[in-house]
> 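Got a structure here, written out as structure tokens. Questions coming.
Letters A, B, ... are given to chains in the order of the sequence lines, protein chains preceding strands, and every chain is numbered from 1. This one's a predicted model, so the numbers in the text were calculated from it and none came from an experiment.
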Amino acid sequence: MSGHPLIGALSRLYEADRLLTLPAQLMAYESDALTVFQQRPAAVVIPQDRAEVVETIRLCHEHSVPFVARGSGTSLSGGSLPIADGIVIALNRLDSILRLDAEERIAVVEPGVINLKVSEAAKPFGLYYAPDPSSQSICTIGGNVAFNSGGAHCLKYGMTSNHVLGMTVALPDGEVVELGGESLEGVGPDLPGFFVGSEGLFGVALEITLRLLPIPETYRTVLAAYDSLHAAGDAVTAVVASGLLPGAIEIMDALAIKAAEVGAKAGYPTAPALLIVELEGEESAVEAEFAQLMQLIEETSPLEVRMAQTADERARIWKGRKAAFSAVGRLAPDYIVQDGVVPRSRLGDALAEIDRLSASYGIDVANVFHAGDGNLHPLILFDGREEGALERAEELAGEILELCVDLGGSITGEHGVGMEKRAFLPKMYGPLEMQAMEDVRRSVDSQSLANRGKMLPVGEAESLTHVGPHPLEKAGVIFRE
Amino acid sequence: MTNVAEIQDAVREARRVRVRGGGSKPALSLRDCEDDAQLLNLTTLKGVVEYQPDEYTFTARAGTSVAEIGAMLAEEGQYLPFDPPLAERGATLGGTVAAGLSGAGRYRYGGIRDFLIGIRFVDGQGQEIRGGGTVVKNAAGFDFPKLFVGSLGRLGVLTELTFKVFPQPPAFATVTADFGTLSDLLSALDAVTRSAIDLHAVDFAPTEEGWTLWARIGGLPHVLQERAQALQTVVSAGAGQTRCLSLYQDQKEESLWQAARSMEWLAQGMGLVRIPLTPQRIPAMEEALNGSTMATRRYSVGGNLLWLGWPDESTSESGEEDSSRDLHSLLLALNLQGVQLIGRARRSPIEGSGIDTDGGEDPLLGRPLQNAFLRRIAAALDPQGKFETW
Ligand SMILES: Cc1cc2nc3c(=O)[nH]c(=O)nc-3n(C[C@H](O)[C@H](O)[C@H](O)COP(=O)(O)OP(=O)(O)OC[C@H]3O[C@@H](n4cnc5c(N)ncnc54)[C@H](O)[C@@H]3O)c2cc1C
């Protein structure tokens with residue numbers, strides 16, 4: 001595609017070091033954190049300002065070439081996977097915090113700003129940005145917006161969407177629109193809310209206004225070990241029924257505990273299940289609630305209970321939990337993370353079934369999950385060098401997703417549908433819903449250029465049941481290496 | 001309308017469709033309709049479909065009254081933390097979503113947009129479509145529930161809604177403080193909203209002698225007194241001069257907020273307009289209102305929302321040209337937007353624009369809402385223009 005007129009047009013917009021077309025240059029962009037999928041784009045552009053992004057999109061539209069916005073490429077669902085012969089717009093250099101207004105408690109940021117940087121910048125004012133994905137030290141706000149990313153602390157204050165007040169967006173033909181504003185309230189349909197979580201299909205967020213919250217006065221974190229996942233799950237039910245509203249409720253199983261140990265030397269007790277509950281808020285309120293919480297937990301017969309007394313101890317508890325994902329990489333050469341949601345009261349059933357599936361496939365599954373809102377993160381371990389291992393791991397992953405849908409849940413709580421789960425979206429929604437989404441997408445993006453092939457199944461060829469090789473793989477569009 | 005099929009038929013057959021719930025926001029639902037428009041009354045499409053206290057979720061038909069839901073949740077010690085307003089006037093869940101209304105409690109955990117997790121709606125082609133889900137966390141597919149918050153019945157007819165709920169704090173306390181001037185009030189507001197105190201609500205309003213602030217906290221009863229004292233300290237430690245500080249608890253406290261939810265302060269015969277803004281915009285807003293005695297008002301959500309009582313043109317006798325009553329122009333000048341919920345505000349004809357005073361029927365005031373994103377979405381969901389256009 002090097003002779004394509006679009007490349008010519010782009011080369012007039014970008015200096016050579018910001019327009020990458022050589023295979024060696026493109027390699028770093030060929031996949032995201034779902035590394036089983038790889039795809040070579042026609043070019044990667046590295047804009048330095050908003051005008052360059054808009055012009056790039058406009059040119060893509062003019063030449064009918066699809067594009068993918070890219071933040072840090074940490075998507076776990078293939079969301080930032082390039083499109084064959086398409087353009088990747090790498091937004092990392094749009095990384096300025098444009099305004100931090102402590103009085104209004106907002107931050108206006110460019111899309112390439114790293115999540116954690118927002119809280120760091122807000123800290124001197126006693127404020128922070130609440131959504132805390134485990135990847136927060138590398139992922140971008142643009143990526144968070146596209147996926148409505150969550151984190152351990154979303155139980156009380158919600159996901160990315162609950163913290164985005166306004167946005168400037170380039171629609172897929174380059175038209176720039178303002179959505180929302182700076183107020184917590186708005187007039188008319190909640191357009192920022194509709195854009196968040198649209199996985200890049202509605203265009204590129206150029207500027208995002210985030211709500212900041214006062215840093216809680218204190219945290220109280222408890223870690224309890226149980227002799228089974230079921231017992232830990234019962235403890236969650238007891239906490240939820242008590243009327244306490246913790247900032248986070250997390251569970252890890254034995255394999256995840258092992259990973260956290262290997263990866264982060266967390267010093268966790270060795271047990272079949274660990275529960276982490278954290279309360280946050282004013283000192284006196286948290287003290288009182290913590291007493292209630294401890295009493296509840298004692299009644300659930302834990303094997304061992306540890307309380308974080310200091311900020312250091314708290315950090316250690318969370319370090320293990322947040323490292324669990326990447327640490328699983330130490331237990332097996334490859335893994336797939338799933339992200340299904342089940343109604344909280346069905347957690348026990350879901351885990352028992354995952355256990356059964358794991359045994360019947362002979363594949364290890366480590367479980368780390370946001371128990372408070374029923375968001376599972378089964379980590380399916382395999383060795384990609386083994387013939388057929390990936391396919392079997394994917395098949396198992398698919399069964400887990402179907403299980404979540406059957407239990408009345410969702411196929412994704414925070415990682416997005418992306419490339420990976422698009423065949424499963426029609427299992428969650430009927431043909432009318434799929435059509436409505438496609439209609440809206442077409443109306444916003446008449447040529448389906450923005451992140452084509454993600455979230456929504458494309459064309460007839462892709463069957464609605466996907467087991468085994470990915471439909472695009474069968475079509476020879478993508479490869480695994 | 002008692003079932004969805006009836007709504008679907010009506011949408012398919014009518015040339016235009018207008019929707020109405022409990023009629024508590026008549027400026028949105030009881031406007032004069034075009035002759036060829038069919039009015040759908042949704043108050044009969046009601047009832048709770050499912051309530052699962054341990055899941056923190058319930059599903060109900062769109063015409064279910066907010067009051068009924070409040071009572072149901074209270075029995076399980078749960079609530080909708082965003083204080084849905086106008087329940088006493090008969091507000092329905094669907095109408096509250098379509099009007100995008102959250103009350104004072106929105107400050108703490110988010111607004112109606114953050115608690116609505118699933119919907120069913122009839123689109124412009126008469127199809128019933130599901131959006132979102134019934135679990136509290138879900139990132140799959142486009143977020144139709146959020147799109148329908150504030151949609152004013154113009155994108156489709158909501159038929160069923162699923163909400164997330166929260167456990168209600170066992171007790172609340174409210175600190176009230178009086179200030180002599182707006183700037184004193186605003187500095188106290190700044191101090192209290194930037195403190196680490198977990199405020200459930202912060203409202204304020206002008207009084208005859210100055211301003212009153214209400215700050216609400218909630219939690220376990222035995223530490224509430226101590227926390228309220230800390231709150232009082234923060235409120236009075238700001239740069240502003242506090243005149244009088246009081247603490248409310250129990251029934252008296254609850255009735256303060258009950259009155260806020262039902263807009264008791266709104267004088268008989270006045271219209272009601274909802275105006276989002278930020279604390280920094282308040283001085284300009286107050287200057288524009290110019291200490292106006294004709295405007296009763298209450299600022300809510302920590303200064304992010306103004307509920308404005310404004311003379312209702314549809315009932316007022318005076319036909320005289322009084323440009324100070326033109327709220328639309330006032331908001332335009334401040335680059336703000338408003339939605340008329342009750343009554344009708346004056347909207348002077350814009351000279352030379354060819355737009356006559358019929359525009360006074362439009363509940364959307366101030367800066368136009370139009371944008372390409374919304375236009376394209378509406379074209380997909382309602383290709384034949386059955387619902388009102390934006
Ligand atoms: C170790 C690890 C832990 C993780 N933990 C969590 C977690 O706890 N919670 C969670 O929710 N996720 C988690 N993730 C997933 C991932 O980090 C998030 O999805 C994150 O939001 C992606 O950000 P990114 O900058 O890497 O985006 P990318 O991967 O580069 O892009 C993600 C998607 O966003 C789109 N996009 C990027 N920028 C824009 C923009 N400006 N406008 C429009 N679309 C855009 C892309 O096209 C793509 O579809 C984790 C990932 C890893 C690797």
> Could you tell me how the ring of Phe144(B) sits relative to the ring of Phe194(A): parallel (under 30°), tilted (30 to 60°) or perpendicular (over 60°)?
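Tilted: the ring planes of Phe144(B) and Phe194(A) meet at 30° to 60°.
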
> Counting heavy-atom pairs under 4.5 Å with chain B, which one of Gly158(A), Gly186(A), Gly416(A) comes out on top?
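Looking at each of Gly158(A), Gly186(A), Gly416(A) in turn, Gly186(A) comes out on top.
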
> Given a strict heavy-atom distance threshold of 4.5 Å, which part of Ala241(A) is in contact with chain B: side chain, backbone, both, or neither?
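No part of it gets close to chain B.
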
> Does any heavy atom of chain B fall under 4.5 Å from the side chain of Arg344(A), the backbone, both, or neither of them?
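Both backbone and side chain.
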
> Examine distances only and state if a side-chain atom of Tyr56(B) and a backbone atom of Val240(A) form a donor-acceptor pair shorter than 3.5 Å.
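Yes.
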
> Counting only heavy atoms closer than 4.5 Å, note whether Glu199(A) contacts chain B via side chain, backbone, both or neither.
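For Glu199(A), side-chain heavy atoms alone lie under 4.5 Å from chain B.
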
> Is Met428(A) close to chain B through its backbone or its side chain, or both, or neither, when contacts mean heavy atoms under 4.5 Å?
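Contact with chain B involves both backbone and side-chain atoms of Met428(A).
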
> Testing the 3.5 Å rule here: is there a donor-acceptor pair between the side chains of Gln52(B) and Ser345(A)?
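Ser345(A) and Gln52(B) do not have a side-chain donor-acceptor pair below 3.5 Å.
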
> For Leu244(A), is it the side chain, the backbone, both or neither that has a heavy atom under 4.5 Å from a heavy atom of chain B?
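Answer is backbone: N, CA, C or O of Leu244(A) sit under 4.5 Å from chain B.
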
> Does the pair Glu175(A)/Arg376(B) count as a salt bridge with the N-to-O cut at 4.0 Å?
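A salt bridge links Glu175(A) with Arg376(B).
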
> Can you tell me which of Asp439(A), Val341(A), Leu456(A) forms the most heavy-atom pairs within a distance under 4.5 Å of chain B?
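Of the options given, most contacts go to Val341(A).
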
> Please lay out, stage by stage, how Lys137(B) and Ser410(A) fare under the test side chain to side chain contact (heavy atoms under 4.5 Å, CB included).
CA-CA 8 Å; Lys137(B) 197 167 176 185; Ser410(A) 169; over 6 Å; no

> Does any heavy atom of chain B fall under 4.5 Å from the side chain of Leu179(A), the backbone, both, or neither of them?
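The side chain, not the backbone.
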
> Within the 3.5 Å criterion, strictly below it, is a donor on Asp101(A) or Gln280(B) matched to an acceptor on the partner's side chain?
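Result is yes, a qualifying pair exists.
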
> For Val176(A), is it the side chain, the backbone, both or neither that has a heavy atom under 4.5 Å from a heavy atom of chain B?
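Neither part.
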
> What part of Ser149(A) lies closer than 4.5 angstrom to a heavy atom of chain B: side chain, backbone, both or neither?
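Neither part.
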
> Within the side chain of Glu433(A), is there an N or O that forms a donor-acceptor pair under 3.5 Å with the backbone of Ile129(B)?
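No, the answer is negative, given that no donor and acceptor are paired below the 3.5 Å cut-off.
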
> Can we say Asp373(A) and Lys164(B) salt-bridge, meaning some charged N sits less than 4.0 Å from an Asp/Glu carboxylate O?
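No.
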
> Output yes when a side-chain donor or acceptor of Glu289(A) lies under 3.5 Å from a complementary backbone atom of Leu220(B), and no otherwise.
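Pair absent, no side-chain N/O of Glu289(A) close to backbone of Leu220(B).
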
> Answer with side chain, backbone, both or neither: which region of Leu184(A) has an atom nearer than 4.5 Å to a non-hydrogen atom of chain B?
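Contact with chain B: backbone and side chain both.
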
> Check each atom of Tyr157(A) against the heavy atoms of chain B and say whether the ones under 4.5 Å are side chain, backbone, both or neither.
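The side chain, not the backbone.
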
> Measuring only between side-chain heavy atoms, which start at C-beta, is Val223(B) closer than 4.5 Å to Glu287(A)?
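In short, these two side chains do not touch, never coming nearer than 4.5 Å.
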
> Going by the side chain to side chain contact (heavy atoms under 4.5 Å, CB included) test, name the single residue among Leu152(B), Ile377(B), Leu374(B) that passes it with Pro189(A).
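So, applying the side chain to side chain contact (heavy atoms under 4.5 Å, CB included) to Pro189(A) and each of Leu152(B), Ile377(B), Leu374(B), only Leu374(B) qualifies.
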
> For the backbone of Arg227(B) and the side chain of Ser284(A), can you confirm whether one donor and one acceptor N or O come within less than 3.5 Å of each other?
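No, Ser284(A) side chain to Arg227(B) backbone: no donor-acceptor pair under 3.5 Å.
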
> Between the side chains of Thr278(B) and Glu104(A), is a donor N or O closer than 3.5 angstrom to an acceptor N or O?
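Their side chains do contain a donor-acceptor pair, which is all the 3.5 Å distance test asks for.
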
> Please determine if Glu185(A) and Arg274(B) form a salt bridge, counting it only when a charged side-chain N lies under 4.0 Å from a carboxylate O.
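Yes, Glu185(A) and Arg274(B) are salt-bridged.
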
